[in-house]
Amino acid sequence: MKYKSQKVAYWFFGLCMLLFALQIIYGFIMGFARIGMDGLHDFIPFNTARAVHTNLLVVWLLTGFMGAAYYIIPEEAQRELVNVKLAYVQLISLAVVGVLAIVGYHFNIWEGRKFLEIPRELDFLVVVNVLLFLGLILTTLYKAERRTTTSLVLTMGLVFAALLYLPGMIWFDSQVTDSFFRWWVVHLWVEGVWELIMGGILSYLLIKLTGVDREVIEKWLYVIVGLTFLSGLLGTGHHYYYIGVNKIWLIVGGIFSALEPLAFLAMALFAVYMYRKGEKSHPNKIALFWTIGASIVSFIGAGLLGFAHTLPQTNIYTHGTLVTAMHGHYAFWGAYAMIVLAIISYALPNITGRKLYDSTRGHMAFWLSNIGMLGMTVAFGVAGVAQVYMERKMKMDFMDVQNEISIHFVVLLLCATLFTTGITLYILEFIKYGKPTDEALVKE
């Protein structure tokens, strides 16, 4: 690492690993419940496990993005972070908010709004935490010796993510109005501004790992930003099909949802082209695997699988079924989880000074987790298609259908075990690197 304050990122990455592990545990609780093994129901009912599982996903990814920013911004700005102590305060307060939210869910303390279950009191603490984070990042950039396109796109994504959290804090008595604005948070995060964060991290990693000129790589960022805003903003319409809004959203949502894969296709082409154009001499092959893998898997999961069921003619059957879970799991894995794991894999050797680049455990972590997630996606997909046919065509009762498709969750649990083995190996590799050291302060 080039700047001492980059060590802050390590502790955010550590919190990432802890929250990710907890998310997987709650995923298994739901998976076993789906096959009738629901012994924890009195303590952790399915709806609680689901809320914890999905909210942990959001929190650990945001923690990863923050860690990535604390690592990337000082280097891109060519100066230390303005206040390291406040960065640690922000980390601790983020962890406290997360713990309070998760514990609260087990006592039914929540708002009951999917993906935004966090109680209103904690919402305000989240706002304070994010404002502190943005204050540190923006002040560092303001005092910077240089401002690169990579750092500005990354920061723009983080700022917009913060702003788009606010519509979810507005209270509406109307269920329709509430649902309308709730998607301003959920959709415009994951299919809008988070793509900017992903693009910024991807650009940084490709500059470092391929050796291609910064100017060439950053030109691609403009294309990605343009496609993201063109498709992502109005693509929100595919969530408005059946919530009671004007029918114009069927047209708008259908057209712009069809354009959304273009942003992810651009990212995939961007990454592969830069890899082929580059020197390919960087020793950190694991980080390169995660980086290129993120761009390709995100195109398949977020782009193609999203397109496959967001057209109105298809979505009328697939809406609210396990087809959505198929798309959601592979999209989040490729677009955001893999890019966070990529920046961690790149940063760890530089922060700790231990160049454990090419270990067998690291390669096994990559392949086992990816094969496991692909198997889970296929299991969700097969179960979802069967569910669509039985519920929407044969008009079978919902719970009868769940019993019929439970066998697919046996397959899903087996694949999830493979996935978990990979992630366990990744966490063990993280632990093996040890803590950051000042001796790692060298020029790359």
Side-chain angles (χ1 to χ4, degrees), residues 1 3-20 55-102 116 118 121-144 147-148 150-169 185-186 188-190 192-201 204 336-337 339-340 343-344 347 351 436:
M1 62 181 174
Y3 298 95
K4 190 174 181 179
S5 57
Q6 288 178 289
K7 291 194 298 181
V8 174
Y10 174 87
W11 302 103
F12 278 83
F13 295 152
L15 181 59
C16 257
M17 296 295 97
L18 176 60
L19 296 177
F20 192 11
N55 280 265
L56 278 172
L57 169 68
V58 173
V59 176
W60 86 256
L61 289 177
L62 284 174
T63 304
F65 293 157
M66 290 174 176
Y70 281 134
Y71 183 83
I72 293 171
I73 295 300
E75 193 165 317
E76 291 291 292
Q78 294 186 339
R79 60 157 292 132
E80 295 284 2
L81 196 65
V82 290
N83 194 314
V84 175
K85 289 183 179 179
L86 282 179
Y88 285 116
V89 170
Q90 189 248 319
L91 170 66
I92 294 168
S93 63
L94 179 66
V96 169
V97 171
V99 169
L100 289 174
I102 291 169
L116 299 177
I118 187 170
E121 294 78 10
L122 292 182
D123 272 335
F124 293 105
L125 293 179
V126 170
V127 170
V128 172
N129 184 274
V130 173
L131 287 175
L132 176 56
F133 165 71
L134 289 177
L136 292 170
I137 294 299
L138 292 173
T139 306
T140 301
L141 279 175
Y142 178 76
K143 296 182 176 181
R147 297 181 184 90
T148 64
T150 296
S151 64
L152 292 177
V153 168
L154 173 60
T155 305
M156 183 169 65
L158 293 166
V159 171
F160 285 161
L163 292 175
L164 286 168
Y165 187 76
L166 300 179
M169 294 178 64
V185 185
V186 180
L188 290 176
W189 265 13
V190 301
V193 296
W194 279 21
E195 289 181 41
L196 302 185
I197 298 171
M198 179 194 178
I201 298 173
Y204 173 83
Y336 304 122
I339 202 66
V340 168
I343 186 64
I344 293 174
I351 293 174

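Remember, predicted model here, so these are calculated numbers, not experimental data.
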Measuring from [X]:[atom1] to [Y]:[atom2], what's the distance to the nearest 0.5 Å?
| X | Y | atom1 | atom2 | value |
| --- | --- | --- | --- | --- |
| Ser151 | Ile72 | OG | CD1 | 9.5 Å |
| Thr63 | Phe12 | OG1 | CZ | 7.5 Å |
| Ser93 | Leu125 | OG | CG | 8.5 Å |
| Ile137 | Ile73 | CD1 | CD1 | 5.5 Å |
| Phe20 | Leu15 | CZ | CG | 13.5 Å |
| Ile351 | Lys4 | CD1 | NZ | 14.5 Å |

Inset, instruction - With side chain to side chain contact (heavy atoms under 4.5 Å, CB included) as the test, would you mind laying out the steps for Tyr204 and Thr148 before giving the verdict? - result: CA-CA 10 Å; Tyr204 173 83; Thr148 64; over 6 Å; no
Inset, instruction - Determine, step by step, whether Leu62 and Trp189 satisfy the side chain to side chain contact (heavy atoms under 4.5 Å, CB included) criterion, reporting the C-alpha distance in whole Å, the side-chain angles of both residues, the deciding distance to 0.1 Å, and the verdict. - result: CA-CA 11 Å; Leu62 284 174; Trp189 265 13; 3.9 Å; yes
Inset, instruction - Go through Trp60 and Leu57 one step at a time and tell me if the side chain to side chain contact (heavy atoms under 4.5 Å, CB included) criterion holds. - result: CA-CA 6 Å; Trp60 86 256; Leu57 169 68; 3.9 Å; yes
Inset, instruction - Would you check if Tyr88 and Val8 make a side-chain contact, meaning some heavy-atom pair closer than 4.5 Å? - result: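 Yes, at least one pair of side-chain atoms sits under 4.5 Å.
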Legend entry - Validation row: Val193, Met156 side chains within 4.5 angstrom (heavy atoms):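 Result no, sub-4.5 Å side-chain heavy-atom pair not found.
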Inset, instruction - Check the pair Val126 / Ile118 against side chain to side chain contact (heavy atoms under 4.5 Å, CB included), numbers first and verdict last. - result: CA-CA 10 Å; Val126 170; Ile118 187 170; 3.8 Å; yes
Can any side-chain N or O of [X] pair as donor or acceptor with the backbone N or O of [Y] at less than 3.5 Å?
| X | Y | answer |
| --- | --- | --- |
| Tyr336 | Val190 | yes |
| Arg147 | Leu152 | no |
| Gln6 | Tyr3 | yes |
| Asn129 | Gln90 | yes |
| Glu76 | Thr150 | no |

Inset, instruction - Answer yes if the ring centres of Phe65 and Trp194 are under 6.0 angstrom apart, and no otherwise. - result: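 Close enough - the centres of the two rings lie under 6.0 Å apart.
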Inset, instruction - Kindly say whether the aromatic ring centers of Tyr70 and Phe133 come within a distance under 6.0 Å. - result: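 Distance test on ring centres: under 6.0 Å, yes.
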Kindly give the heavy-atom pair with the smallest separation between [X] and [Y], and that separation in Å.
| X | Y | answer |
| --- | --- | --- |
| Val185 | Gly168 | CG2-N, 3.3 Å |
| Leu154 | Ile201 | CD1-CG1, 4.1 Å |
| Phe13 | Ala347 | CE1-CB, 4.0 Å |
| Ala77 | Ala144 | CB-CB, 3.4 Å |
| Gly157 | Leu196 | CA-CB, 3.9 Å |
| Leu81 | Ser5 | N-OG, 2.9 Å |

